[in-house]
*Asks:* 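Quick one: the structure is below, questions incoming.
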2 protein chains.
Amino acid sequence: MLNSYSSADKVLLAVDCIIFGFDSEGLKILLIKRDFEPEKGKWSLIGGFLKRDEILDDAAIRILNTYTGLNDIYMEQLYAYSEIDRDPVERTISVSYFALINIENHNAELIKNYHAEWFPINDAPHLIFDHNEMVQNAIKRLRYKTSIKPIGFELLPEKFTMRQLLELYEAILSKELDKRNFISKINSLEILNKLDEKDMQSSRKGSYLYTFNKEKYEEKLLNDFVLNL
Amino acid sequence: MLNSYSSADKVLLAVDCIIFGFDSEGLKILLIKRDFEPEKGKWSLIGGFLKRDEILDDAAIRILNTYTGLNDIYMEQLYAYSEIDRDPVERTISVSYFALINIENHNAELIKNYHAEWFPINDAPHLIFDHNEMVQNAIKRLRYKTSIKPIGFELLPEKFTMRQLLELYEAILSKELDKRNFISKINSLEILNKLDEKDMQSSRKGSYLYTFNKEKYEEKLLNDFVLNL
DNA sequence: TGTGTAAGTGTAAAAACTACATTAATAAAT
DNA sequence: ATTTATTAATGTAGTTTTTACACTTACACA
């Protein structure tokens with residue numbers, strides 16, 4: 001029995017995370033000031049190298065946790081980037097992941113310690129290597145994914161208003177949506193619980209709070225849905 | 001300036017190709033009998049290792065060409081598989097690609113030389129490692145992709161009949177489609193040229209041949225379309 | 001008590017989708 | 001020459017889905 005494919009080349013495998021967040025200002029990504037050479041001090045995605053005995057999903061989880069302290073975060077593998085000189089130090093293939101977190105829940109301390117910062121997706125700085133391309137592709141995937149799975153809820157606090165949900169979808173799709181049509185389409189999915197509680201921040205009347213109902217979702221939607229907004 | 005990330009582990013990176021073909025019998029994938037250990041003699045996807053100075057897309061092209069002689073084939077990267085023991089010989093991460101070819105054009109000689117064989121997608125053998133999983137995911141991606149880009153045409157000969165196109169989409173979606181509705185939806189995309197020529201194989205009346213019009217496509221459809229079949 | 005602000009709600013018109021059956025063209029058989 | 005068998009080609013009415021659009025409600029605060 002063989003124990004190596006001796007003639008084949010080995011390479012470094014990195015994982016880079018496109019971490020999306022959402023707050024009242026809109027859709028954002030989390031970036032860090034790189035603290036080692038090359039490109040030290042430049043803005044970068046959060047990333048790291050795959051370890052020998054680690055699968056990619058776990059590497060992505062570990063890296064996200066290291067830089068944010070967060071656990072149990074929705075993550076999804078996106079794409080492997082392999083241009084020869086994408087990293088000038090050494091041949092490195094990088095697999096991108098996207099993560100969805102609600103900004104309110106993140107550990108502000110850890111983010112501060114690592115010089116991480118949230119940037120609006122339409123006003124992000126130039127990033128090192130091919131990270132801007134990774135971000136653009138991640139946004140495309142996020143658009144697609146929200147149209148067939150209710151992953152948008154990962155970006156919201158546990159209780160949210162219809163207006164927040166609407167603004168989230170507007171930010172993701174970067175287009176205006178009709179309020180009434182949006183609400184009736186969302187309601188037709190039957191995956192929200194309307195609470196008796198109201199959020200009084202945004203208006204005198206107050207707006208009802210909702211939670212996302214995972215049970216109803218899983219019961220009803222083992223298959224993808226199509227959400228035409 | 002650094003010239004290595006010395007502490008990081010290196011791994012083998014493989015590329016495995018899910019090669020779809022289509023003929024009168026339906027949708028098929030191309031498999032080979034693996035000619036080296038382990039699992040020698042078992043059915044496998046066509047694959048190989050990434051070389052040090054090669055990007056993944058080029059590795060996929062090279063590997064496809066090596067086993068089929070084909071060039072200029074539609075290929076698309078799918079997903080990176082990284083389970084620790086997915087390959088029992090040595091830690092190997094594999095990036096899957098799917099390729100679409102029309103069976104009539106392939107080089108039968110080369111395929112024969114490499115013990116490659118076409119299998120109906122619903123009647124394929126058990127494959128080594130995680131290759132069956134790769135195939136299932138590739139089918140999902142093919143379904144999605146054909147609904148937003150006219151890549152189905154890559155699987156057909158240059159001139160084809162409406163019936164062939166219908167049967168192709170039925171095979172990809174694995175459901176029956178209404179002929180009249182299908183034709184009017186396809187026509188509404190305005191990306192086909194109807195030729196004066198007829199195919200006389202299939203009936204006494206003969207059926208018109210069509211070609212795919214790339215110019216019209218590129219002119220009209222820089223953006224994705226939605227093809228609800 | 002009044003005022004300002006965002007929340008909440010329904011409908012009619014348009015568009016898209018679905019289901020469905022007859023006629024046309026031709027080669028082969030007689 | 002006529003009949004037969006076979007697949008190709010074609011249109012519409014009913015239904016569903018999507019779109020566009022504006023007024024009333026609730027309440028805090030002045």
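Model, not experiment: these values are computed from the prediction. Side chains included, hydrogens not; waters and symmetry mates left out as well; all remaining heavy atoms used.
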*Asks:* Taking atom P of dA9(D) as reference, at what distance in whole Å does atom CG of Asn187(B) sit?
*Replies:* 11 Å
*Asks:* Grab the CG-C1' distance between Asp199(B) and dT26(C) for me, whole Å please.
*Replies:* 14 Å
*Asks:* Anything under 30° is parallel, anything over 60° is perpendicular, the rest tilted; go ahead and classify Phe160(B) against Phe153(B).
*Replies:* tilted
*Asks:* Using whole Å, what does the distance between atom C1' of nucleotide dA25(C) and atom OH of Tyr208(B) come to?
*Replies:* 10 Å
*Asks:* If we ignore hydrogens and angles and just use 3.5 Å, is the side chain of Tyr97(A) paired with the main-chain N or O of Asp57(A) as donor and acceptor?
*Replies:* yes
*Asks:* Can a cation-pi geometry be assigned to Lys198(A) and Tyr208(A), taking NZ or CZ under 6.0 Å from the six-membered ring centre and within 45° of the ring axis?
*Replies:* yes
*Asks:* Does dA8(D) have OP1 or OP2 sitting under 4.0 Å from an N or O in the side chain of Ser202(B)?
*Replies:* yes
*Asks:* I'd like to know if Lys205(B) reaches the base of dA8(D) with its side chain, counting only an N/O donor and acceptor under 3.5 Å.
*Replies:* yes
*Asks:* Using heavy-atom distances to pick each residue's nearest nucleotide on DNA chain D, tell me which of Lys185(A) and Gly206(A) is more 5'.
*Replies:* Lys185(A)
*Asks:* Side-chain N or O of Asn228(B) versus OP1/OP2 of dC17(C): is the shortest distance under 4.0 Å?
*Replies:* yes
*Asks:* Regarding Asp178(B), tell me which of base, sugar-phosphate or nothing describes its non-hydrogen contacts under 4.0 Å with the strands shown.
*Replies:* base
*Asks:* Whole-Å distance between dG8(C) P and Gln164(A) CD?
*Replies:* 12 Å
*Asks:* Look at the side chain of Arg180(B) and the base of dA8(D), then say whether one donor and one acceptor between them are separated by less than 3.5 Å.
*Replies:* no
*Asks:* Quick one: does Asn181(A) reach the base of dA20(D) with a side-chain donor-acceptor pair under 3.5 Å?
*Replies:* yes
*Asks:* Ignoring backbone atoms, test whether Arg163(B) places a side-chain nitrogen or oxygen under 4.0 Å from the OP1 or OP2 oxygen of dA8(D).
*Replies:* yes
*Asks:* Does NZ or CZ of Lys28(B) come closer than 6.0 Å to the centre of the six-membered ring of Phe119(B), within 45° of the ring's axis?
*Replies:* no
*Asks:* Which comes earlier along DNA chain C counting from the 5' end, the contact point of Tyr210(A) or that of Arg204(A), where each point is its nearest nucleotide?
*Replies:* Arg204(A)
*Asks:* To the nearest Å, give me how far apart CD (Glu176(A)) and P (dA20(D)) are.
*Replies:* 12 Å
*Asks:* Just the rounded figure in Å: distance from C1' of dA9(D) to CZ of Phe182(B).
*Replies:* 15 Å
*Asks:* Want to settle it: does Lys179(A) or Met200(A) sit nearer the 5' end of DNA chain D, counting the closest nucleotide to each?
*Replies:* Lys179(A)
*Asks:* Whole angstroms only, please: what is the CZ-C1' distance between Phe225(B) and dA16(C)?
*Replies:* 17 Å
*Asks:* Which whole-number value in Å describes the distance from Gln201(B) CD to dA27(C) P?
*Replies:* 13 Å
*Asks:* Apply side chain to side chain contact (heavy atoms under 4.5 Å, CB included) to Leu165(B) and Phe182(B), showing your working.
*Replies:* CA-CA 9 Å; Leu165(B) 188 60; Phe182(B) 176 79; 3.8 Å; yes
